[in-house]
Each structure stands twice: as structure tokens, then as C-alpha cells.
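The next block holds one structure in the form of C-alpha cells; read it before the comments.
Below, all heavy atoms of this structure are taken into account, side chains as well, without hydrogens, waters or symmetry copies.
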Amino acid sequence: MSPWSALVRFAALAALLVTVAPTPARAGDEPAGPLFAGPRLLEMVPATGIVGDGATKADLFFFALAPDGTPLTGLQFKTILNTGGAGPLTEVGGGLWKMEYTPPKVDARVTAELTLRGKIGKEAVTGTWTFDVVPSRTHQFSVGSNPARLTLGVDKTASISINLATGDRGGSGGVQLAVNATVGTVDNLIDLGNGQFSALYTPPKEPNAAVALLTIADRRDPGHSLGALAIPLAAKMDLPVTAAPNTQVVVKLGEASFGPVPVDKKGKAKVPILVPPGVMSAEKLTVAADGTSVREPLDLKLPEARRIALVPMSAGVPADARVPVDVFCAIVTPDGRPDTAAPVLFSATVGNMGGTRHLGNGVYAATYTPPTSPTPVVATITAALSDSPTQKATAPLNLVAVRPEKVELTATPSPLPAAATALAVTAKLSGPNGEGIPGRPVTFKANGAAPGKDPVKDQGAGLYLLNLTPKAKGPVEVSASAALPVTGAPVARLLVVPSTSHVLNDGLSSTLVTVAAVDEYGYPVPGVSIDVRITKGEGSIPSSVTTDASGVAQVYFTPGRTAGLVEFQVETLTLRAVGALWQAPEETKLPDVPVAGSRQEAAWVEAWRHTVGTVRVERAP
């Protein structure tokens, strides 16, 4: 058992006494009659995406409401946790309370249990909830080769071992390794389980000594999970030399000596030598028949081997100046040792590159800021040694078009006359600077209306029009989303984005729920199969979805008739996310349901709320 596992399993319960000063309920906010069954509603908003790295804080939220939906006052609680630490419970307002949570550092998914125990007024109250704490996707790689060095033309292959030194070893099935080599090839990459991988390295069929510099990254998180390995490649060769006829020659490379070899009557000889990488010169020792000798320097006239390589980058990154990314390179000395004092400079053909920093062990990094662009761009990233014109590495980096910052819908007429037969809905797509984004495919979905004969019309300046034919009765709910750019990076998180915090508990109404699979930048990943279920509360929703070409899946949730908080869970084999919304009578005033857990996930959900526009058009009496 690892120390962190022991910490999780045997962590002592942490208790924190929280006293909350009573605050008066707002006058006029009380709905008529009981809303919730029982003496109160004390509920934790389901928490999602909490990363157990021991440092990244999360937000936990709680509702404390009377049966009629009014805020409860006079709360006095003790917080008990089986893992991690909690800050004080503070009132947000309207019956919503907040607590900061510091997760433990874990290397496998754990279930955290939280209990609130205390009083509401004079009544003793206890509530217990659980939530997931998942390990960081960031890994440190331990990389080795067997044998550690090869002789070209003699050694056919080398076995490469890659071990995850940190992170979720048990959940390594989600790791997507990319391995590049400066010379030779790497094949047969196999996941052995428990964080161990193997591969086969085949050296090149070239005659000159070199260093095979292997760079490795997890495609899900190339900015944090990376490594490098140098394999020295020695070369056998018959070195032609000249000397006085009928003498003997010896060639010395460092401590190694080769020969003696007799020189023919023409003054020529070939000395079999083994040249390690980085050796560019030797010493020739000529021995005459009388035993006298002459030493001379010998230029081997070998080309300089490449000793710099870029670490694999993401398949694509957003063309968004607000999303800087780190780029990395590995550098070795001519003989294959990590170069810890290399004068390396990074550059890019578009965008801005920050200063170089050495991360250790010959790995260098710089922060690249791409330009903001509504169209795709290709940037060429270069890492080069300032003291050598031949030592450089380049690679293209795809910059995908920036996604819309906001999708806003307007409907005409609104409200909808009882006998209306036409409804026009306009979607406006805006970029980060507020300007309209034209030329994007826009998809409309309608509940209570059917599309007209005309297709979606791009009106320019980011405006898109769709004509609908409403059904005979009831309101019309329309959603619109633009075709979102895809970076090509693998899925990193799932998001649950309800279109509203509150749906009518009449058993008939419905509301749109967007399920998104996103990469490390919050951009969509298409073709991801996701299971969906309701974990608490009444209602119905499709049990499975697959994200479309824009990386999203949209489904309608139909509520039940019992008022309360409805909780959703979506998951793949390796990822899970949760969300919630209220179902309650229309006149009920309840606080909005926040995204609990990861602050990064909450920010992405908020951003995604704006990329799916919705409008509800009520039917006039």
C-alpha cells in the first residue's frame, strides 16, 4: 500500500465547529403551502471533478430550506470528513451555503464522506453525503532501455520500459502515450497494466554513431506528463588511414585502442574501430620497425549528430490568446548525457513565445501564446541551440478556430399568439471580442415546433435565422449551437450543462440538458459514448448518448411530480461528472444550482452555457 493510500484509508476524522449567525427570511418570498416533504430540505449539491492533488481547492455547496422553500436560519454545524480538509461554512444567500474543500493527494479514485452534524434552531440535525476525489492525470515517467546502449549493425532492437512513477497507476488505461525518436523507430507500444508500458526500439540503418533521443508525452496532458530517454548508438567502421609503408598503426579513441594494423607498401591501412556518439576526432599512433613512434591527431570527418528534440505536443490547441500552452524540448550532450546548460531558444511563426526555463535533467520549456483567430492557423514551433546552426528541432502546431463565446437567441413573435403558424428564431454567435462570427454551421433543435421549408440562413455578422412552424398548443423551446472546433486532443473531462436551474414539476414539461466531452482546453471531443442516469429525484432522461461532430450530446429531461433537487450522473469507462437542477412549482423562488466541486469544471460549464443558446416562447392565452 502506498503512503497516500494509507493516508486516505486511515485519515482521522477532521472536525470543525461552524457557527452561523441567524438571518431573517425575506418577506414575500414564501410559496403557498409545503414544497418539500419532511421538516426541512438539507441537501448537498453533487460535487464533480475534484482532483486529489493535495492542493487544488474545490467548492462544496449546500441548500438549507424550510418545507415551504424559504431559507433556514440559525444553523450551527460541525463538519466531519473522512479525507481532506474543510473551511468554514458560509452563507451565500437565499438558502445556499458554501464550504471550501482541500482534497488529499491520492493515486486512485477515493470516496470522500462528509457529515454535517448540529442544530437548526433547537432541533438536532445530521446529514451525510459522499463525493469522488480522483487522482491527477499528471504523471512523472520513469523511462529505461535494455540494453542501455546499442551498436549499429550488431544490436537489432532494444526494449523500452515506461513506468508511471506518480498518478493513478491503477487507472492508467486512460493514458494515451505518444513516443517520438530522433533516429530509428519505436513500435509495439503495449499497456501492461498498473502504470507500466513497453515498446520496441529499432535503430536506424545508417553508418554513423548517433544518439537516439526519445521524447514521451501523455496526449491527454502533454503540458505536464512528459519524459525523455537517450540511447547512445555506437558505430563500427573500418577507418582508412595513411602512414609510412611497412609500419604499424594504432588508433586511440579516448581510453580505447584499436590495432595495431600493418600499413601496406602504398602507405594505406584500414583500422576497425568502434565509434561512440560524440567522438569527432582520434589519435593515430604510427610505430616503425625500429620501435620509434609518432603520434598525430586524426579528424574522423563524421557529421554532427542531432541532440535536440521537441516533446510531442497536442494534436491541436485553440487559436485563443487566453489559452497559453507550454512547449518542451529535451537536449543531450554529444555523448548522450542530459545537457543542463544548453543555450536553447524557442520560437514560433505566429503568436508569441515566452522565455526559456530549464526544468531539470535536460528538459527545457517555454510558454507559447497563440493568436486569437476565427479561422484555423498552423504555427511552426522551433527549439534551437544558439551556438550551433545545425542543432534545431521543428514541428507544426495546429491552432483551431476560436470557439464562440456566446450564442444568443431571439424569437419573433414573443409571446406566441394562440393561432400563430410561424415563428422566426435568430441566433447570434459572438467571439471573445464580442464581434459576430459568420460562416459557422449552426444547429437548431425545437420542442413544440417543427422546422420550416427553408434551411438555416447565414445573414452575416454572426446572425443565423431559422423559420419554425409551431404546434397547435403549448410553449416552444428552441436551442441552437454552432459547430465547435475540435483540437483532436483526447477527452479529459465530461460536463453536465442543464439549460436551466429550475424546471416545472408537472410530469410533462421538459428541459434541455447538454452533455459535453471536452479536452484539456475545454474544447469538444466528438464520438464519445456516455452513459446517463438520474441518481436522485424523479424524472426521466435517455440512458446513453454519443457526442456529435461538435463534441456535444443534447437530451431532454422530463421531470417527475415530487419537488426537490434532481441529480444526474454521466460517465465513460474512465471519466465521471455530475450535475443537478430543481424541479418545483413555477412560482417557487429557489436559489440557482451552482456547479459544485472543481473550480475549473465550474468555469467550463459556465462557458459552455453560453455556447448553447436557448429561448422559451410562451403561448399567449
Side-chain angles (χ1 to χ4, degrees), residues 14 16 18-21 23 25 35-36 40-52 56-66 69-81 83-103 111-118 120 125-134 493 495-498 500-503 513 534-537 563-570 576-584 588-609:
L16 175 65
V18 179
T19 302
V20 182
T23 57
L35 179 62
F36 307 117
R40 78 197 66 79
L41 183 141
L42 179 62
E43 196 62 75
M44 177 179 166
V45 178
T48 189
I50 297 178
V51 176
T56 304
K57 298 184 183 300
D59 294 321
L60 305 180
F61 292 93
F62 304 84
F63 291 115
L65 302 171
T70 56
L72 288 174
T73 61
L75 277 64
Q76 193 175 35
F77 283 111
K78 180 166 62 175
T79 303
I80 304 171
L81 280 163
T83 185
L89 186 67
T90 58
E91 184 176 13
V92 177
L96 179 65
W97 302 77
K98 178 180 179 180
M99 175 189 297
E100 186 177 80
Y101 174 71
T102 302
T111 299
E113 183 177 273
L114 181 148
T115 297
L116 292 181
R117 183 177 298 160
I120 297 179
V125 175
T126 298
T128 299
W129 303 270
T130 60
F131 53 91
D132 288 340
V133 177
V134 299
R493 292 179 186 254
L495 305 178
V496 181
V497 191
T500 180
S501 272
H502 186 165
V503 64
V513 177
I534 296 171
T535 55
K536 188 169 188 177
L565 193 67
V566 179
E567 301 179 7
F568 308 97
Q569 178 176 290
V570 299
R576 183 182 300 163
V578 294
L581 56 76
W582 290 113
Q583 58 180 26
T588 306
K589 294 183 179 180
L590 295 171
D592 288 342
V593 180
V595 178
S598 162
R599 292 172 180 173
Q600 174 66 80
E601 208 152 302
W604 279 347
V605 168
E606 183 61 27
W608 272 78
R609 287 190 200 279

For Ala584 versus Ala563, what's the shortest heavy-atom pair and its separation? CA-CB, 4.2 Å
All side chain to side chain donor-acceptor pair (under 3.5 Å) counterparts of Ser501, not counting sequence neighbours: none
Contacts of type salt bridge (Lys or Arg N to Asp or Glu O under 4.0 Å), residue Arg599, not counting sequence neighbours: Asp59, Glu100
Closest non-hydrogen atom pair between Leu72 and Trp97, with its separation: O-CZ2, 4.1 Å
State, yes or no, whether a side-chain contact exists between Val92 and Pro591 at a heavy-atom distance under 4.5 Å. no
Residue list, salt bridge (Lys or Arg N to Asp or Glu O under 4.0 Å) with Arg576, at least two apart or on another chain: Asp132, Glu571
In chain order, what residues pass the ring pair (Phe, Tyr, Trp, His ring centres under 6.0 Å) check against Tyr101, with sequence neighbours excluded? Phe131
Exercise: identify the closest heavy-atom pair between Leu96 and Asp592: CD2-O, 4.4 Å
Walk me through it: do Thr56 and Gln600 pass the test side-chain contact (heavy atoms from CB on, under 4.5 Å)? CA-CA 10 Å; Thr56 304; Gln600 174 66 80; over 6 Å; no
Quick check against the 3.5 Å criterion: does Arg117 have a side-chain atom that pairs as donor or acceptor with the backbone of Thr128? no
If you define the side chain from C-beta out and look only at heavy atoms, does anything of Trp582 sit under 4.5 Å from Phe63? yes
Donor-acceptor side-chain pairing of Lys98 and Thr90 below 3.5 angstrom: no
Whether Thr588 side chain and Leu590 backbone form a donor-acceptor pair below 3.5 Å: no
By salt bridge (Lys or Arg N to Asp or Glu O under 4.0 Å), which residues pair with Glu113, not counting sequence neighbours? none
Let me confirm one number: the OG1-CD distance from Thr535 to Glu567, rounded to the nearest 0.5 Å. 5.0 Å
Distance col, row Arg609:CZ vs Thr500:OG1, nearest 0.5 angstrom, shows 9.0 Å
Should we count CZ of Arg40 as having more than 12 external heavy atoms under 6.0 Å? yes
Which atoms form the tightest heavy-atom contact between Leu581 and Pro498, and what is the distance? CD2-CB, 3.8 Å
For Phe77 and Val125, run side-chain contact (heavy atoms from CB on, under 4.5 Å): C-alpha distance rounded to whole Å, both residues' side-chain angles, the deciding distance at 0.1 Å, then the answer. CA-CA 9 Å; Phe77 283 111; Val125 175; 4.3 Å; yes
List the atom pairs, donor and acceptor, that lie under 3.5 Å between side-chain atoms in residues 42-51 and the rest of the protein, sequence neighbours left out.
unit_1: Glu43; atom_1: OE1; unit_2: Lys536; atom_2: NZ; d: 2.6
unit_1: Glu43; atom_1: OE2; unit_2: Trp129; atom_2: NE1; d: 3.1
unit_1: Glu43; atom_1: OE2; unit_2: Lys536; atom_2: NZ; d: 2.9
unit_1: Thr48; atom_1: OG1; unit_2: Val578; atom_2: N; d: 3.2
unit_1: Thr48; atom_1: OG1; unit_2: Glu601; atom_2: OE2; d: 2.8

Exercise: identify the closest heavy-atom pair between Val133 and Ala112: CG2-CB, 4.0 Å
Quick one: pull up CG in Leu65 and OG1 in Thr70 and give me the separation to the nearest 0.5 Å. 7.5 Å
Distance-minimising heavy-atom pair for Phe36 and Gly69: CE1-CA, 4.0 Å
Quick one: do Leu75 and Leu116 satisfy side-chain contact (heavy atoms from CB on, under 4.5 Å)? Show the steps, please. CA-CA 11 Å; Leu75 277 64; Leu116 292 181; over 6 Å; no
